[in-house]
Chemist: 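Can you keep this structure in mind? I'll have questions shortly.
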Amino acid sequence: MPLKMVDANVSNFEEELKRMESENTQNQLKFILFLADKDTSSSLSWCPDCNVAEPVIYQKMAAVPGEVALLRAFVGDRTTWRNPGHPWRADNRFEIRGVPTLVRWENGAIVGRLEDHEAHVEKKINALIAGN
């Protein structure tokens, strides 16, 4: 089965995360990509790093021979994201400091992560997918 992407925002994230966790697909790799919202007029993110990283991440994940679930967690507009009290900045499970941030999710915890400055690097994405 190919890459399965599901979108979430702050309001429905917990529900979508639980749904992803409850899928009992054996050997399915699970990832969460925290990224900036897209501008409806241009379909581009307000975050230049997200615009660079997204196509690379999707290409690498789509090439995985097994099943991959990717929960895309949109952080909001720039003003919302800059707020130090943003839920994903404050959540001890994630402690997101920048976008994009790609995390490998296993058994309810992060087991690997790539943050904004490295989320577009193919070798690092490959290592995260491989569990290294």
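The first residue of the sequence shown is numbered 1, and numbering continues consecutively from there.
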Chemist: Nearest 0.5 Å, what's the CE-CD distance between M20 and E16?
Modeler: 10.0 Å

Chemist: Out of curiosity, does V6 fall in the hydrophobic cluster containing V99 (side-chain heavy atoms, cut-off under 4.5 Å, transitive links)?
Modeler: yes

Chemist: Locate the shortest heavy-atom distance separating P87 from V10; write the atom from each residue and the value.
Modeler: CG-CG1, 3.7 Å

Chemist: In terms of hydrophobic clustering (I, L, V, M, F, W, Y; side-chain heavy atoms under 4.5 Å; direct or indirect links), are I110 and F13 co-clustered?
Modeler: yes

Chemist: When rounded to the nearest 0.5 angstrom, what is the spacing between CZ in F74 and OG1 in T80?
Modeler: 14.5 Å

Chemist: Could you check if a side-chain atom of T101 sits within less than 4.5 angstrom of a side-chain atom of F94, using non-hydrogen atoms only?
Modeler: no

Chemist: Return each pair, listed once, that meets salt bridge (charged side-chain N to carboxylate O under 4.0 Å, His left out) where at least one residue sits in residues 33-45; pairs must be two or more places apart or across chains.
Modeler: K38-E54

Chemist: With side chains defined as the heavy atoms from C-beta onward, is the minimum distance between R104 and L29 less than 4.5 Å?
Modeler: yes

Chemist: To the nearest 0.5 Å, how far apart are CD in E95 and CG in D91?
Modeler: 8.5 Å

Chemist: Take R113 and I96 through the test side chain to side chain contact (heavy atoms under 4.5 Å, CB included) and record every step on the way to the result.
Modeler: CA-CA 10 Å; R113 76 189 296 143; I96 304 300; 3.5 Å; yes

Chemist: What I'd like to find out is whether the side chain of M5 reaches to under 4.5 Å of the side chain of M61, using heavy atoms alone.
Modeler: no

Chemist: Minimum heavy-atom separation for W46 to A36, with atom names?
Modeler: CE2-CB, 3.3 Å

Chemist: State, to 0.1 Å, how close L35 and L33 come at their nearest heavy-atom pair, and which atoms those are.
Modeler: CD2-O, 3.2 Å

Chemist: Are the side chains of E23 and Q28 in contact, using a 4.5 Å heavy-atom criterion?
Modeler: yes

Chemist: Which atom pairs, donor and acceptor, lie under 3.5 Å between side-chain atoms of residues 116-123 and protein residues at least two apart or in another chain?
Modeler:
unit_1: E118; atom_1: OE1; unit_2: K124; atom_2: NZ; d: 3.1
unit_1: E118; atom_1: OE2; unit_2: E115; atom_2: N; d: 3.2
unit_1: E122; atom_1: OE1; unit_2: K60; atom_2: NZ; d: 3.2

Chemist: Taking all atoms of both residues into account, what is the closest heavy-atom pair of P55 and C50, and its distance?
Modeler: CD-O, 4.5 Å

Chemist: So E14 and K18, salt bridge (charged side-chain N to carboxylate O under 4.0 Å, His left out) or not? Walk me through it.
Modeler: CA-CA 6 Å; E14 291 301 328; K18 285 177 186 168; 5.5 Å; no

Chemist: Give a yes or no answer on whether the side chain of N9 reaches the backbone of N12 with a donor-acceptor pair at less than 3.5 Å.
Modeler: yes

Chemist: Kindly say whether the aromatic ring centers of F31 and W105 come within a distance under 6.0 Å.
Modeler: no

Chemist: Would you mind reporting whether I57 and L102 have side-chain heavy atoms less than 4.5 Å apart?
Modeler: yes

Chemist: State, yes or no, whether a side-chain contact exists between Y58 and L70 at a heavy-atom distance under 4.5 Å.
Modeler: yes

Chemist: So if you build clusters from Ile, Leu, Val, Met, Phe, Trp, Tyr with side-chain heavy-atom gaps below 4.5 Å, do V111 and V103 land together?
Modeler: no

Chemist: Quick check with a 6.0 Å cut-off and a 45 degree axis cone: is R93 positioned over the face of W88's six-membered ring?
Modeler: no

Chemist: About how many Å separate CD1 of I125 and CD of Q59, when rounded to the nearest 0.5 Å?
Modeler: 9.0 Å

